[in-house]
Amino acid sequence: MADPSEIGVGMDLEKLLADRLAPAFARVAGAPVDPVVRRSARADFQSDAALALARRLGRPPRAVAAEVLAHADLADVCRVTEVSGPGFVNLTVADDTLAELVLALATDPRLGVPVAAEPETVVVDYSAPNVAKEMHVGHLRSTVIGDAAARLLEWLGHRVLRANHLGDWGTPFGMLIEHLVDLGGAEAARTLSMGDLDSFYQAARGKFDADEAFRERSRRRVVALQGGDEATLRLWRLLVRQSERYFLTVYDLLDVTLTERDFHGESSYNDLLGPVVEDLDRLGLLRDSDGASCVFPPGQVGRDGEPLPLIVRKSDGGYGYPATDLAAIRHRTGTLGATRLLYVVGLPQRRHFDMVYAAAAQAGWLAAPARAEHVGFGSILGADGRMLRSRAGGSVKLVGLLEEAIARATALARQRNPELGEAEAAEVGRAVGIGAIKYADLSSDRHKDYVLDWERMLSLDGDTAPYLQYAYARIRSIFRRAGETAGPAAAISLAEPAERALALALVGFGTVVGEVADGLEFHQLTGYLYRLAAAFSSFYERCPVLRADGPVRDGRLVLCDLTARVLRQGLYVLGIRTPDRL
RNA sequence: GCGCCCGUAGCUCAGCGGAUAGAGCAGGGGACUUCUAAUCCCAAGGCCGCAGGUUCGAAUCCUGCCGGGCGCACCA
């Protein structure tokens, strides 16, 4: 058996094996070599570093692999070590070692995931709906991915600042405020609080397009707003507040951790825009182009092959998006002390953010160790494969999707489990329905475009959140019947292949979480959790827990408990609830 | 025109330098006297868009095509 000190809290099996192989590789190669240990279908783990090394040494790969194995100190942690195929090193972990790891994990509240060695201040910029506009499915990805990032990094011990960059400023507010005036404050508040933002916006838009007098009023109103007219600001605040209130109800329904404290609308940077432009000018980064004040980040070229400008101040003196984004960066790194800035925004805006980051770096507002990452995601496409447009009535209201999901899941819960009371069925329906939608979004590579497939998002079969929630509920059911919690087992039997496979899956949690924390590719986490739940389901089928005897039963209870905790924590990170019963 | 993203089973997607390319759904066959069958097990399903190249080895890296999406100065 391995030295227990090696199998401490947060120990990682892949790292353990790599650490054991590394000296042997170094000895054979005469220099350090990464053993590249990874999971394998042929054995528990595989190292293919001998193949690459063989070429460098000009020797037969199998001979190199054999020599590495001969020098590797693996006898206490592996049951089988062998050279296979063209020169792979296959490793089968000893059951004792695996059992030790599981027992160590079972007493680790962090489930093998260490707290970040160097906690950072991280700003996660996500969701960002527009005041007086409905949230549509296009907001789903940013909100769901961003929330997962915030939850994950927070769990890892970072100081996470959520930033909901609300669209609360700009020319549309002229017409919105005038429409508000037409309706009267009370009526407007009523409409907005009902969550009928679309009709409010459409009505304002309609008047703006059709009525020249209204258009003129709107223009004057924008000037008054920007000029700080108190009466206008009051109306504006009413709009913003009502919208925020509505968005919070959506976040509540969606189980998103954004709160009223996280609204940092564009307008909150207004006072910083002037200084930003002044500083850029003082640094000599600003150039006039057709009357607009621009930064020209290197390497950015437009349609005509000319350098592409980042317009910080328009020719009419107004500020655009770039100015606000630059001010936000300066505020986040400077005032807030953040070193990691995440922007959970669609991929189409990649160029924009590349330019903003480049400009911020030139200005010295984004200097190491601080860095910005565009956590981009693909567009939402319609069934025709084209981008879903919000204008032409092509948008799909987000709450409509959520309500449909909850209704379906609630109906299924009632049908499948008549024991559930009405209130519990509703709770389950909500957890399952929302979980299904989030899982559908998080389980595919975020870089890819996303065809809005109602059926797929509402699906409750197969590789979906309910599958994982079901596995969790089954475990809870076992403990309800047992009337006990998992006792401290002295040992864990892994004689059954299904037990062993489950144990192997469990000890891989830390590795996956570490990878996801870096790349924020949450489909890696959903994939892991699905494989874990599948391993559990097979185990559940073949290995009776409560009917087993003494030590076997104790060991299985530990496996169950650990599985439940990993599933719960993993799903928590994804923002998906785990009801005790389905 | 330039840039970014993407073409993998009928459908939705993993895999992104390693062995016989994996899941889910749909369709086929089995398993509920036994801890929730929202489950499990079995079989079937593939010129990995096309063509070159690099490599002992390519779905994966490079180049060129073909096809789809998005972006390219005062909108956010």
Side-chain angles (χ1 to χ4, degrees), chain A residues 36 38 40-42 46 48 51-52 54-55 60-61 84-88 90 128 130 167 169-172 266 289-294 296 299-316 318-322 324-325 346-352 354 376-379 381 385-387 409 412-413 415-417 419 432 440 443-445 447-449 451 453 455-456 459-464 466-467 469-471 473-482 498 523-524 526-527 530-531 533-534 537-548 556 560 581-582:
Chain A
V36 284
R38 57 173 66 131
S40 165
R42 305 271 180 141
Q46 167 192 102
D48 35 1
L51 287 156
R55 178 161 36 164
S84 172
F88 297 105
N90 283 358
N130 292 312
W169 202 249
T171 48
E266 293 165 351
S289 177
D290 295 338
S293 303
C294 307
F296 288 84
Q300 300 290 345
V301 177
R303 193 195 302 276
D304 48 11
E306 296 296 307
L308 204 56
L310 191 64
I311 299 172
V312 288
R313 188 168 51 203
K314 299 184 282 184
S315 52
D316 67 3
Y319 299 103
Y321 224 31
T324 312
D325 284 330
L347 244 14
Q349 296 198 52
R350 179 166 167 165
R351 163 109 71 149
H352 165 73
D354 281 348
F377 49 83
S379 307
L381 309 180
R386 302 193 70 84
M387 209 164 150
L412 186 66
Q415 175 203 326
R416 292 296 163 98
N417 193 349
E419 290 175 22
V432 169
S443 60
S444 70
D445 185 336
H447 297 100
K448 297 198 173 184
D449 284 350
V451 176
D453 182 343
E455 285 307 317
R456 181 175 151 261
S459 167
L460 304 176
D461 295 316
D463 184 6
T464 63
Y467 179 84
Q469 291 168 318
Y470 183 65
R474 283 170 134 185
I475 299 173
R476 299 305 308 153
S477 177
I478 288 174
F479 284 105
R480 267 198 306 277
R481 283 178 183 269
H523 72 288
Q524 293 178 332
T526 63
Y530 178 74
R531 273 177 263 121
S537 296
S538 295
F539 161 86
Y540 183 88
E541 209 71 30
R542 274 169 226 147
C543 303
V545 177
L546 298 177
R547 294 176 58 229
R556 287 180 179 171
C560 285
R581 304 201 289 175
L582 288 199

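If you're wondering where the values come from, they're calculated on a predicted model, not measured in any experiment.
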Does the structure show a Watson-Crick or G-U wobble partner for [N], both distances under 3.5 Å? Name it, or say none.
{"N": "B/rG52", "answer": "B/rC62"}
{"N": "B/rC4", "answer": "B/rG69"}
{"N": "B/rU36", "answer": "none"}
{"N": "B/rA21", "answer": "none"}

Measuring only the [atom1] atom in each nucleotide, how far is [N] from [M]? A whole number of Å is fine.
{"N": "B/rC4", "M": "B/rC42", "atom1": "C1'", "result": "45 Å"}
{"N": "B/rG15", "M": "B/rA59", "atom1": "C1'", "result": "8 Å"}
{"N": "B/rA43", "M": "B/rG22", "atom1": "P", "result": "13 Å"}
{"N": "B/rC2", "M": "B/rC11", "atom1": "P", "result": "32 Å"}
{"N": "B/rG45", "M": "B/rC6", "atom1": "P", "result": "30 Å"}
{"N": "B/rC5", "M": "B/rA9", "atom1": "P", "result": "22 Å"}
{"N": "B/rU20", "M": "B/rC62", "atom1": "P", "result": "24 Å"}
{"N": "B/rG67", "M": "B/rU8", "atom1": "C1'", "result": "15 Å"}

Need one value for [X]: base, sugar-phosphate or nothing, where a base atom within 4.0 Å counts as base even if backbone is also close, heavy atoms only.
{"X": "A/Leu347", "result": "nothing"}
{"X": "A/Arg351", "result": "base"}
{"X": "A/Ala52", "result": "base"}
{"X": "A/His523", "result": "sugar-phosphate"}
{"X": "A/Ser538", "result": "sugar-phosphate"}
{"X": "A/Ser477", "result": "base"}
{"X": "A/Leu460", "result": "nothing"}
{"X": "A/Arg581", "result": "base"}
{"X": "A/Ala41", "result": "nothing"}
{"X": "A/Thr324", "result": "nothing"}
{"X": "A/Arg476", "result": "nothing"}
{"X": "A/Gly85", "result": "base"}
{"X": "A/Asp445", "result": "sugar-phosphate"}

Minimum-distance nucleotide to [X] side chain [options: [options]]:
{"X": "A/Cys294", "options": "B/rC25, B/rA76, B/rA73", "result": "B/rA73"}
{"X": "A/Arg456", "options": "B/rA38, B/rC35, B/rU12", "result": "B/rU12"}
{"X": "A/Phe88", "options": "B/rG18, B/rA76, B/rA73", "result": "B/rG18"}
{"X": "A/Arg55", "options": "B/rG57, B/rA19, B/rA76", "result": "B/rG57"}

Check: [X] side chain, [N] base, donor-acceptor under 3.5 Å:
{"X": "A/Gln46", "N": "B/rA19", "result": "yes"}
{"X": "A/Arg547", "N": "B/rU34", "result": "yes"}
{"X": "A/Ser84", "N": "B/rA19", "result": "yes"}

Would you indicate, yes or no, if [N] has its OP1 or OP2 atom less than 4.0 angstrom from a side-chain nitrogen or oxygen of [X]?
{"X": "A/Lys448", "N": "B/rC70", "result": "no"}
{"X": "A/Tyr470", "N": "B/rA38", "result": "yes"}
{"X": "A/Arg350", "N": "B/rG3", "result": "no"}
{"X": "A/Arg474", "N": "B/rU36", "result": "no"}

Please evaluate residues A/Phe377 and A/His447 with respect to the criterion ring pair (Phe, Tyr, Trp, His ring centres under 6.0 Å), reporting the C-alpha separation (whole Å), side-chain torsions for both, the decisive distance (0.1 Å), and the verdict. CA-CA 5 Å; A/Phe377 49 83; A/His447 297 100; 9.9 Å; no
Atom-to-atom span, [atom1] of [X] to [atom2] of [N] - whole angstrom:
{"X": "A/Arg542", "N": "B/rU39", "atom1": "CZ", "atom2": "C1'", "answer": "12 Å"}
{"X": "A/Asp449", "N": "B/rG71", "atom1": "CG", "atom2": "P", "answer": "11 Å"}
{"X": "A/Asn90", "N": "B/rA19", "atom1": "CG", "atom2": "C1'", "answer": "9 Å"}
{"X": "A/Tyr467", "N": "B/rU39", "atom1": "OH", "atom2": "P", "answer": "7 Å"}
{"X": "A/Leu582", "N": "B/rC35", "atom1": "CG", "atom2": "P", "answer": "17 Å"}
{"X": "A/Arg556", "N": "B/rC35", "atom1": "CZ", "atom2": "P", "answer": "15 Å"}
{"X": "A/Asp325", "N": "B/rC75", "atom1": "CG", "atom2": "P", "answer": "16 Å"}
{"X": "A/Arg481", "N": "B/rU34", "atom1": "CZ", "atom2": "C1'", "answer": "11 Å"}

I need the minimum non-hydrogen distance between A/Arg542 and A/Ala498, along with the two atoms involved.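 Distance-wise, the nearest heavy atoms are NH1-CB, 4.2 Å.
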Specify the residue among A/His352 and A/Pro466 whose closest nucleotide of RNA chain B lies further upstream toward the 5′ end.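 Closest to the 5' end, via its nearest nucleotide, is A/Pro466.
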Between A/Pro309 and A/Ala409, who's closer to the 5' end of RNA chain B by nearest nucleotide?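 That would be A/Ala409.
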Checking understanding here: a glycosidic angle within 90° of 0 is syn, the rest anti, so what is B/rC65?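 Glycosidic conformation of B/rC65: anti.
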When you measure from the centre of the six-membered ring of A/Tyr540, is the NZ or CZ of A/Arg474 under 6.0 Å away and within 45° of the axis?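 Yes, a cation-pi geometry holds between A/Arg474 and A/Tyr540.
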side-chain contact (heavy atoms from CB on, under 4.5 Å) between A/Ser443 and A/Tyr530, intermediate numbers included: CA-CA 10 Å; A/Ser443 60; A/Tyr530 178 74; over 6 Å; no
Would you compute the distance between atom CG of A/Asp463 and atom OG of A/Ser444 and round it to the nearest 0.5 angstrom?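 OG of A/Ser444 is found 10.5 Å from CG of A/Asp463.
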The criterion is salt bridge (Lys or Arg N to Asp or Glu O under 4.0 Å); which residues satisfy it with A/Glu419, sequence neighbours excluded?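 A/Glu419: no salt bridge (Lys or Arg N to Asp or Glu O under 4.0 Å) contacts found.
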